[in-house]
Amino acid sequence: MRAVNQPVRKKDAMSLVTGKPVYMDDVINHENCLIVKVLRSPHANAIVESVQKAAAEKVPGIEAIYTWEDVPGQRFTMAGQTYPEPSPYDRLILDRHVRYIGDPVAIVAGDSEKAVDKALKILKVNYQVLEPLLDFRAAKDNKILVHPEDSWKSLCPVGADNQRNLCASGESGDGDIEAVLADCDIVVENTYHTKACQQAMMETFRTYCSIDAYGRLNVLSSTQIVFHVRRILSNALGIPKSMIRVAKPRIGGGFGAKQSVVAEVFPAFVTWMTKKPSRMIYTRRESQIASSPRHEMEVSVRIGAMKDGRIRGIDVYTLSNTGAYGEHGPTTVGLSGHKSIPLYGTPEAHRFRYDVVYTNVMSAGAYRGYGATQGIFAVESAVNELAAKLNMDPVVLREKNMVREGQIMPAYYGEKTNSCALDRCVERAKQMIGWDNKYPCRDMGNGKVRSVGMAMAMQGSGISGVDVGSATIKMNEEGYYTMIIGAADMGTGCDTILAQMAAECLDCPVDAITVFGADTDASPYDSGSYASSTTYVTGKAVEKACEKLREKILAKGAELLNCGPGEAEFDGERVFCAATGDSVDLKTIGTSAMNGNRTALEVTETNSSPVSPPPFMCGMAEIEQDKETGQVELVDYVAVVDCGTVVNPNLARVQTEGGIAQGIGMALFENIQYSDKGHLFENTLMQYKIPTRLDVGKIRVEFESSYEPTGPFGAKSIGEIVINTPSPAIAQAVYNATGHWFRELPITAEKIAMALADD
Amino acid sequence: MKVTVTVNGRKIQEEIDADLLLIDFLRNHGCMSVKRGCDTSNCGLCTVMLDGKPVLSCSVLTARADGHKVETLEGLQAEAEEFGAFIADQGAEQCGFCNPGFMMNALALFRENPEPDVEEIKEYLAGNLCRCSGYEGQLRGILNFLAWKKEGRP
């Protein structure tokens, strides 16, 4: 293939490395643009009794101050999901009942930051302070209700009940799990706890709004989901979707954070009310305390096996903490079971049960891995603990049980693995790290121990039967192409890899494809870039659209050659007439299509997939454990990934390296701790420690490709799976070095040192 | 107060508020490459050169730049293109938001130490956070660039 599977430079690469103004706050007109900020609740659970705003309104430069009395009263969700959203409608733009420290109480808009800051200081709020519900283990059926209101609404049958603090609840399974476990030689049972980690993309949440020449609300936002934002703003503001246009510029990272509406509603409301342009830029502190992080989960696993290592049953119960609001609560939890249990092909029975509860902490959202990360930490750790109990090499235990190509996965909606190179991934990772020489550990003789650990992972490729991807491709004069998409390149490179696919289909250079997106007025409908969907779902739409455009080009060329379309051929540069040997080039075809033409050289195709083929991978970590201080140093991390056909080896590699670095942060550093009043301590990057380049060791990535028949050119997804292996692999390496299992993340040096001190 | 700051070779005289941070002064003057990532001097995104030395412009008052020279990536486009091409060839720019600060600090490193080893590179750039790349691609790009430089192909 000449374009697919090539390490093509990202189309926007040179603009980005030279610092060109391409992000939201770089491209807007700052003149006469209102600054929007919100006053945030200092209480985790309270009723706003009154807001005295007269004095604040008198601050020079203040345009408007809004409170709960000024906003529409119909509830909505800020989750970027296909309608009807599984996430409950539990939000208002401003609510009288504030439910976590940071919940907005008032919106202030003014012509300068100083004026707005001053007004925020002067605003006086009287609260009726209520007892907060902070322990998610005690949330279900607690007497404190996070959402007691009658207007709370769940659109889908997800087992939600606001009178029980339940955002979702459910159970699925196959076989008689209790009978199988009772019949096993050994059952490992443990509970694992992961925190509400922050995506911490470098560009915080931000949105600019203005009114266009038609009186419509124009929204320029750093978002992964332009079409969902249009619907959510329509719901929030109570205005027709036809009055809203949403576009995205370059995005400074998303990782799922921007799959929820976070900043958008506030400037949208201000601009709609004042008809003046406005912008809101979250500070890092706001991004840390009032955004859309990972769901905190406590995952209990029971795995039953025989002495020979055959795994016969897996039982998973997940308790997920959605916080004050339910964004992505009902769906993230599903992946904690559906994308961990199917890693194993041998079980005769499995069961997966879950509860998702409301509490008075920041609402969670979507973060790369989306529940699979939490579930895989638990299940892979439990399998590693099983290996230790069986006194068996964990790689050997995997070899006996892992899912293989052609198997049906009962815990994955009964889908069959049409493409699965997991066995090759494990084998290659083992060779790369030198597992047989290094497992389990080597004492370095200086108080330090070097040890290894491993984990497998899977994810999906889009949401089966739900996600929609579309592409418009058109030929222009001079024979170059414009591709218009609704998917969102957030640094991932989808503009480029989709252009590679188009170039492959159209037999042209990647540079001959210009890419535009995403804009709800111009782009064909796409549910957006999340759920590892863009390469797989939108990619197939590109392939379909380009095939049809080829036919149109052929027909137009044949017409110019006075030749039947059946007798003509198109090689990407010219259309030939087989009979006469005459030909016409693309430039002529494109130009003639703008003169007396009746056939649009333009095609829009839409795609959705009934299946979501999982990518698979294996990660192995080598650490150096300081037995005195507890310090863990990453020495080497190898990852071998089966993402089907690798569309762009450079970008897939960097996705993998980046995901592993985030996973290392989650495993070792990134903590979320609340005070007994519900105040979040890790509220800046000073406290919330994401890895620096000194913290990640050496990361080495290889690919073991399978061919996914339903994917474009055999491709599956890559974006999310890569964050899933570090936590369980590092936890096992720490066990191999210290003899202690750490079942709560992050595994800080302090925790390890305290455990070793107790030995 | 009135300050005179030379930004990318252009002298700017202006009346400013005493609390105006250098990052905001620079963005007000069109240097949109200068990015704010954290407010707490942790991320390195706002790195600019003050008299040739890298500083975090979110933590420097504009008043302190009075009478001094400031360079941003807008003023170093040729160098940025030359070195940046090696980052682009790895796909390591990713979302790009941290790139300007990273580029500034890397260029500062190359000026101070034209042939740094891997440890020196990692240490010098430790204050430049990147959430996308995992840093490996940036390191490959830097090493390829240094090798290319050493081969004497300016």
Side-chain angles (χ1 to χ4, degrees), chain A residues 7-10 12-23 25-27 30 114 199-204 250-255 281 283-285 490-493 496 648 650-662 664 684-686 690-694 696 698-701, chain B residues 17 19 24 27-28 30-45 72-74 76-77 80-81 83-104 119 121-123 125-139 141:
Chain A
V8 176
R9 216 185 243 189
K10 209 142 65 68
D12 51 0
M14 289 312 292
S15 293
L16 301 185
V17 294
T18 56
K20 294 291 190 291
V22 292
Y23 303 91
D25 196 41
D26 305 341
V27 299
H30 288 82
K114 281 195 170 166
Q199 297 87 350
M201 62 282 154
M202 286 293 111
E203 184 198 38
T204 58
R250 289 292 97 184
I251 302 172
F255 314 115
I281 295 184
T283 62
R284 178 58 62 183
R285 183 181 291 261
M490 61 195 116
T492 45
T496 305
N648 184 320
N650 276 358
L651 299 181
R653 178 177 309 280
V654 177
Q655 281 293 305
T656 310
E657 291 163 347
I660 284 164
Q662 281 185 10
I664 290 170
T684 69
L685 296 185
M686 192 87 81
I690 68 172
T692 74
R693 67 194 72 224
L694 294 174
V696 295
K698 181 86 197 137
I699 302 170
R700 296 185 291 144
V701 174
Chain B
D17 288 341
D19 60 357
D24 295 314
R27 286 188 63 87
N28 290 346
C31 298
M32 293 300 182
S33 74
V34 188
K35 298 290 191 272
R36 183 182 254 116
C38 73
D39 303 314
T40 48
S41 314
N42 287 97
C43 73
L45 266 66
T72 71
L73 211 54
E74 280 82 359
L76 300 169
Q77 286 289 291
E81 273 180 37
F83 167 51
F86 286 83
I87 300 300
D89 280 339
Q90 296 298 326
E93 74 287 350
Q94 289 288 295
C95 87
F97 206 71
C98 75
N99 284 196
F102 162 75
M103 298 293 293
M104 291 302 292
E119 288 313 308
I121 293 167
K122 285 188 175 181
E123 191 165 325
L125 299 175
N128 292 92
L129 296 180
C130 168
R131 192 59 158 168
C132 295
S133 74
Y135 306 109
E136 288 286 354
Q138 291 183 348
L139 183 61

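All values reported here derive from a predicted model rather than from experimental measurement.
Of all heavy-atom pairs between B/Ala88 and A/Arg9, the closest is O-CG, 3.5 Å. Of all the heavy atoms in B/Cys95 and A/Gly252, the pair that sits closest is SG-C, 3.3 Å. Nearest heavy atoms, B/Ser33 versus A/Gly19: CB-O, 3.3 Å. The two residues B/Tyr135 and A/Val696 make their nearest non-hydrogen contact at CD1-CG2, 4.1 Å. Between B/Gln94 and A/Gln655 the shortest heavy-atom distance is OE1-NE2, 3.0 Å.
Judged by distance alone, the side chain of A/Arg693 and the main-chain N or O of B/Lys122 form no donor-acceptor pair under 3.5 Å. Side-chain atoms of A/Glu657 do not come within 3.5 Å of backbone N or O of B/Glu136 as any donor-acceptor pair.
A/Met202 touches chain B through backbone and side chain together, each having a heavy atom under 4.5 Å away. Using a 4.5 Å cut-off between heavy atoms, B/Leu129 touches chain A through backbone and side chain atoms alike. Both the backbone and the side chain of A/Leu685 come within less than 4.5 Å of a heavy atom in chain B. Contact of A/Asn648 with chain B is not made at all, since no heavy-atom distance falls under 4.5 Å. At a 4.5 Å heavy-atom cutoff, the contact between B/Phe102 and chain A is made by side-chain atoms alone. Contacts of A/Arg250 with chain B are absent, with no heavy-atom separation under 4.5 Å from either backbone or side chain. Proximity to chain B involves both the backbone and the side chain of A/Thr18, based on heavy atoms less than 4.5 angstrom apart. With a threshold of 4.5 angstrom between heavy atoms, A/Arg700 does not approach chain B through any atom at all.
In B/Glu123, the CD atom is not crowded: 12 or fewer heavy atoms of neighbouring residues, nucleotides or ligands sit closer than 6.0 Å.
Counting heavy-atom pairs closer than 4.5 Å to chain A, the top-ranked of the candidates B/Pro100, B/Gly44, B/Cys38 is B/Cys38. For the set B/Gly137, B/Cys130, B/Cys132, the count of heavy-atom pairs under 4.5 angstrom toward chain A peaks at B/Cys132. Of the listed residues (B/Glu119, B/Gln138, B/Met104), the one with the most heavy-atom contacts under 4.5 Å to chain A is B/Gln138. Counting heavy-atom pairs under 4.5 Å between each of B/Asn28, B/Asp19, B/Ile87, B/Asn99 and chain A puts B/Asn99 at the top. Annotation: maximal heavy-atom pairing with chain A below 4.5 Å, among B/Ala92, B/Ser41, B/Ala85, B/Cys43, occurs at B/Ala85. Comparing A/Thr684, A/Ile699, A/Ile281 by heavy-atom pairs within less than 4.5 Å of chain B, the highest count is held by A/Ile699. Ranked by heavy-atom pairs under 4.5 Å with chain A, the list B/Leu125, B/Leu73, B/Leu139 is led by B/Leu125.
Atoms CD and NZ, on B/Glu74 and A/Lys20 in that order, are 8.5 Å from each other to the nearest 0.5 Å.
Every residue meeting the side chain to side chain contact (heavy atoms under 4.5 Å, CB included) condition with A/Asp26, not counting sequence neighbours, appears here in chain and number order: A/Pro21, A/Tyr23, B/Arg27, B/Met32, B/Lys35.
Applying the salt bridge (Lys or Arg N to Asp or Glu O under 4.0 Å) test to every pair with at least one member in residues 91-102 of chain B, sequence neighbours left out, gives these pairs: A/Lys10-B/Glu93.
Between B/Asp17 and A/Lys114 a salt bridge is recorded (basic side-chain N to carboxylate O distance below 4.0 Å).
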